[in-house]
Number of protein chains: 2
Amino acid sequence: MPDIQPDKAAVAQQIRHLQDTLYVVNGKWKLPILVAVHQGNSRFRDIQRSVQGITTKVLSMELKALEQNKLVVRKVYDTSPPTVEYTTSSYCDTLQTMILEMIAWGKNHHDRIREE
Amino acid sequence: MPDIQPDKAAVAQQIRHLQDTLYVVNGKWKLPILVAVHQGNSRFRDIQRSVQGITTKVLSMELKALEQNKLVVRKVYDTSPPTVEYTTSSYCDTLQTMILEMIAWGKNHHDRIREE
DNA sequence: GATGCCAGTTACCTAAAGGATGCCAGATAT
DNA sequence: ATATCTGGCATCCTTTAGGTAACTGGCATC
């Protein structure tokens, strides 16, 4: 009976939330793509050039996934040839502080590694 | 000559920092494990029970990787049988705000998904 | 009229991540 | 005495992420 420890349940809950986030932004590329798009790269090739090393196939797949998760918006303009524009959604903005934290940590970590 | 756009370089730099972070905490399990350990689960089996669904093999591998990245500390006590204790390092604390942001976002995202 | 740009798609392949199962040895609990 | 706990390791297998390369079809440019 005293086996039930409420804080263990709370920790488990936190871990589940964390895993929900990881599920959406998993992989090498999703967050870098979001940053690139958010910073104004709206065209497919521009994004590809910003995110060093990504191939067209992977970028195409990742953009689709991000669109499904409502983080980016894809608009096609009926020009000739058709123009495609990617933008980040307002929902994507809710990720901003998290991403900024990750960028800051990465910078700090990089400096730290170089010191060794 | 006017091809060089300084803010493009800055964006590229940010993306690189982000990728450095992703490199350290990549995969399904590393951050959940860190949370579990940080919250006081110091024994192997306790961690395994906290991080739902992880197998001993994967946990063992991930703990080694985290130890190599100086995020967790492994101590063996010379009892019989030997007791093994995992704790988070002080360096790991620098990840805290980032992780808290991720947990918060995951919670919010989960609620948002359920509304649909 | 050949080349290159755009926004991708398709097919194929490899490496790595992750999962399933079984095992060990000493100790404690039933 | 036997069942279970500890901290893992070894083996085998499946899945998936990601990479390579080639191609498309309209338009513009050289």
Side-chain angles (χ1 to χ4, degrees), chain A residues 1-3 5 8 15-16 18-19 21-34 36-37 40-69 72-87, chain B residues 3 15-16 18-34 36-37 40-69 72-88:
Chain A
M1 194 78 129
D3 250 45
Q5 283 171 298
K8 292 232 173 184
I15 290 175
R16 247 170 275 130
L18 186 51
Q19 285 172 325
T21 301
L22 289 171
Y23 184 78
V24 176
V25 301
N26 63 353
K28 255 171 106 169
W29 300 114
K30 293 205 183 60
L31 291 178
I33 291 168
L34 284 185
V37 175
N41 298 93
S42 51
R43 311 297 300 277
F44 191 90
R45 297 290 172 186
D46 286 342
I47 302 166
Q48 190 179 5
R49 273 186 287 266
S50 301
V51 183
Q52 275 277 334
I54 197 168
T55 62
T56 60
K57 186 196 104 181
V58 172
L59 178 55
S60 168
M61 281 172 21
E62 298 289 55
L63 282 171
K64 274 180 195 158
L66 291 170
E67 201 191 345
Q68 277 189 359
N69 279 320
V72 310
V73 179
R74 181 179 188 268
K75 273 189 206 147
V76 184
Y77 294 97
D78 196 12
T79 56
S80 164
T83 307
V84 182
E85 242 188 45
Y86 293 93
T87 46
Chain B
D3 250 44
I15 289 176
R16 246 171 275 128
L18 186 50
Q19 285 172 325
D20 287 343
T21 301
L22 290 171
Y23 184 78
V24 176
V25 300
N26 63 354
K28 256 170 103 168
W29 301 114
K30 293 206 183 58
L31 290 178
I33 291 169
L34 283 185
V37 175
N41 298 94
S42 51
R43 311 297 300 277
F44 190 89
R45 298 289 173 182
D46 286 342
I47 302 166
Q48 189 180 5
R49 272 186 287 267
S50 301
V51 183
Q52 276 277 335
I54 197 168
T55 62
T56 62
K57 187 194 104 180
V58 173
L59 178 55
S60 168
M61 281 173 21
E62 298 288 55
L63 282 170
K64 275 180 195 158
L66 292 170
E67 201 191 343
Q68 277 189 0
N69 279 321
V72 309
V73 179
R74 181 179 189 266
K75 273 188 207 148
V76 183
Y77 294 97
D78 196 12
T79 56
S80 166
T83 306
V84 182
E85 243 188 46
Y86 294 93
T87 47
T88 53

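Both backbone and side-chain heavy atoms feed into the values below; hydrogens, waters and symmetry mates do not.
When the side-chain nitrogen and oxygen atoms of Tyr86(A) are compared with OP1 and OP2 of dC6(C), none of them lie within a distance under 4.0 Å. Between Ser60(A) and dT9(C), a side-chain N or O to OP1/OP2 separation shorter than 4.0 Å is present. Checking the phosphate oxygens (OP1, OP2) of dA17(D), no side-chain nitrogen or oxygen of Lys30(A) falls inside 4.0 Å. When the side-chain nitrogen and oxygen atoms of Lys28(B) are compared with OP1 and OP2 of dG19(C), one or more of them lie within a distance under 4.0 Å. Applying the 4.0 Å criterion to OP1 and OP2 of dG8(C), one finds that Arg43(A) has every side-chain N and O outside that range.
Both Asn26(B) and Thr83(A) lie close to DNA chain C; mapped to their nearest nucleotides by heavy-atom distance, the more 5′-ward contact belongs to Thr83(A). Projected onto DNA chain D by closest heavy-atom contact, Lys57(A) and Arg74(B) fall at different nucleotides, the more 5' of which corresponds to Arg74(B).
The CD1 atom of Ile33(A) sits 13 Å away from the P atom of dA17(D) (whole-angstrom rounding). Rounding to whole angstrom units, CG of residue Leu22(A) and C1' of dA17(C) are separated by 15 Å. Taking atom CD of Gln19(A) as the reference point, atom C1' of dG18(C) lies 14 Å away to the nearest angstrom. The CD atom of Glu67(B) sits 15 Å away from the P atom of dG7(D) (whole-angstrom rounding). As rounded to whole Å, 10 Å separates atom P of dG7(D) from atom CD of Glu85(B). Taking atom CD of residue Gln48(A) and atom C1' of nucleotide dC6(C), one finds them 11 Å apart after rounding to whole Å. Taking atom CG on Leu59(B) and atom P on dG19(C), their separation rounds to 12 Å, with Å as the unit. Following rounding to the nearest Å, Lys64(B) (NZ) and dG8(D) (P) show an atom-to-atom distance of 8 Å.
With hydrogens and angles ignored, the 3.5 Å screen pairs a side-chain donor or acceptor of Arg43(A) with a backbone N or O of Val84(A).
In this structure, dT15(D) forms a base pair with dA16(C), meeting either the Watson-Crick or the G-U wobble geometry with both donor-acceptor distances under 3.5 Å. Within the shown strands, dA2(C) is the pairing partner of dT29(D) under the Watson-Crick or G-U definition, both distances less than 3.5 Å.
Between the CD1 atom in Ile33(A) and the CG atom in Leu63(A) there is a gap of 5.5 Å [rounded to 0.5 Å]. Rounded to the nearest 0.5 Å, atoms CG (Asn69(B)) and NZ (Lys30(B)) are 8.0 Å apart.
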Could you pull out the protein-nucleic contacts involving nucleotides 24-27 of chain C (nitrogen or oxygen on both sides, under 3.5 Å)?
{"from": "dA27(C)", "atom 1": "OP1", "to": "Ser80(B)", "atom 2": "OG", "distance (Å)": "2.6"}

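Listed candidates were dG19(C), dG8(C), dG8(D). Nearest to the side chain of Val84(A) is dG8(C). Across dG19(C), dG18(D), dT20(D), the shortest atom-to-atom separation from the side chain of Thr55(A) is found for dT20(D). You'll find that the side chain of Trp29(B) is closest to dG18(C), out of dC6(C), dG22(C), dG18(C).
The existence of a salt bridge linking Glu85(A) and Lys75(A) is excluded, since no basic side-chain nitrogen approaches an acidic carboxylate oxygen closer than 4.0 Å.
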#### Entry: Test side chain to side chain contact (heavy atoms under 4.5 Å, CB included) applied to Leu59(B) and Val51(B), step by step
CA-CA 9 Å; Leu59(B) 178 55; Val51(B) 183; 5.9 Å; no
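Contact check for Pro32(B) versus Leu22(A): side-chain heavy atoms found under the 4.5 Å cut-off. Contact check for Thr56(B) versus Arg45(B): side-chain heavy atoms found under the 4.5 Å cut-off.
For Glu67(A), the CD atom counts as densely surrounded, since its 6.0 Å shell holds more than 12 non-hydrogen atoms of other residues, nucleotides or ligands.
Within the nucleic acid shown, Glu62(B) comes within 4.0 Å of sugar-phosphate atoms alone, with no base atom in reach, counting heavy atoms only.
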